[in-house]
Protein chains: 2
Amino acid sequence: MTSYKHKKVITIGIVNELTGLSVRQIRYYEECGLIYPDRSKNGTRKYSFSDIETLMNIAEQREEGVQTREIKHNMLKKKNKQKVKEEMLRGQINAHFHQR
Amino acid sequence: MTSYKHKKVITIGIVNELTGLSVRQIRYYEECGLIYPDRSKNGTRKYSFSDIETLMNIAEQREEGVQTREIKHNMLKKKNKQKVKEEMLRGQINAHFHQR
DNA sequence: CGTGTAAGGAATTCTGACACG
DNA sequence: CGTGTAAGGAATTCTGACACG
């Protein structure tokens with residue numbers, strides 16, 4: 001779960017190779033709050049596979065002309081939907097254990 | 001399967017942080033044929049999470065005084081066992097489909 | 001707003017080699 | 001055999017800024 005997919009171990013050069021996005025773009029999307037890489041001791045950015053997927057998602061939307069501001073909005077909305085889903089599931093489970 | 005765990009995307013500096021092995025040691029174990037990192041266009045080594053697990057395994061054995069030569073032997077033996085297992089399984093499946 | 005680029009500096013990585021043992 | 005280290009060079013990464021639009 002918290003394993004490979006979310007471990008921040010990939011440098012920005014590799015992310016560039018993997019996503020095709022320029023280093024400049026990758027840094028800019030961070031500035032916009034779309035991704036949050038970790039940092040090495042020396043300050044080098046480190047990304048996860050999950051970050052890479054997010055970036056490819058961003059790239060698609062950018063190609064359609066969606067602004068970073070909008071993309072961020074979409075991402076938050078998606079996250080909230082996920083949260084609601086989880087709460088409903090929790091409710092279901094609760095109901096199950098308390099049924100009689 | 002061929003996804004995150006085996007994708008070669010991690011630079012040697014990060015591998016050093018993750019395993020505690022010195023850069024020199026990591027390169028040396030490659031020289032001995034214990035690991036096979038990819039290379040970027042510029043020649044930089046790239047490792048996978050799988051490689052990192054292998055390296056931690058190597059580190060343990062080295063602490064016990066096992067020589068790299070031996071470690072390689074152990075790794076090949078293990079690989080063969082795995083192969084035999086897979087062949088047996090294939091045999092079982094065959095038998096199943098051809099039973100009457 | 002989103003991205004390119006030149007600038008200057010710091011840290012990384014690479015290879016082949018010598019050292020010790 | 002296994003690992004440290006100094007050597008010299010090439011490529012990466014970082015930040016803040018100017019440019020265009």
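Just so we're on the same page: letters track the sequence lines, and every chain starts at 1.
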Between C:dT3, C:dT13, D:dT3, which nucleotide has the shortest distance from any of its atoms to the side chain of A:Tyr29? C:dT3
DNA chain C stem ranges, 3 or more consecutive Watson-Crick or G-U pairs under 3.5 angstrom: C:2-5 with D:17-20, C:17-20 with D:2-5
Under-4.0 Å salt bridge between B:Arg45 and B:Asp38: no
Starting from P on C:dG4, measure out to CG on A:Asn16 and report it in whole angstrom. 10 Å
A:Lys5/A:Glu53 ion pair, N-O < 4.0 Å: yes
Whichever of A:Thr68 and B:Ile14 has the more 5' nearest nucleotide on DNA chain C, that residue is A:Thr68
Whole Å only: how far is the CD1 atom of A:Ile26 from the P atom of D:dT15? 14 Å
Out of D:dT5, D:dT13, C:dT5, which nucleotide sits closest to the side chain of A:Arg24? C:dT5
For the residue pair B:Gln61 / B:Asn57, report whether a side-chain donor-acceptor contact shorter than 3.5 Å exists. yes
Using heavy atoms and a sub-4.0 Å distance, could you list which residues of residues 30-67 of chain A are near DNA chain C? By number, please. A:Asn42, A:Arg62, A:Gln67
Salt-bridge test for B:Glu30 and B:Arg39: reply yes if a basic N is under 4.0 Å from a carboxylate O, no otherwise. yes
Contact summary for B:Ile35 and B:Ile26, nearest pair of heavy atoms: CD1-O, 3.7 Å
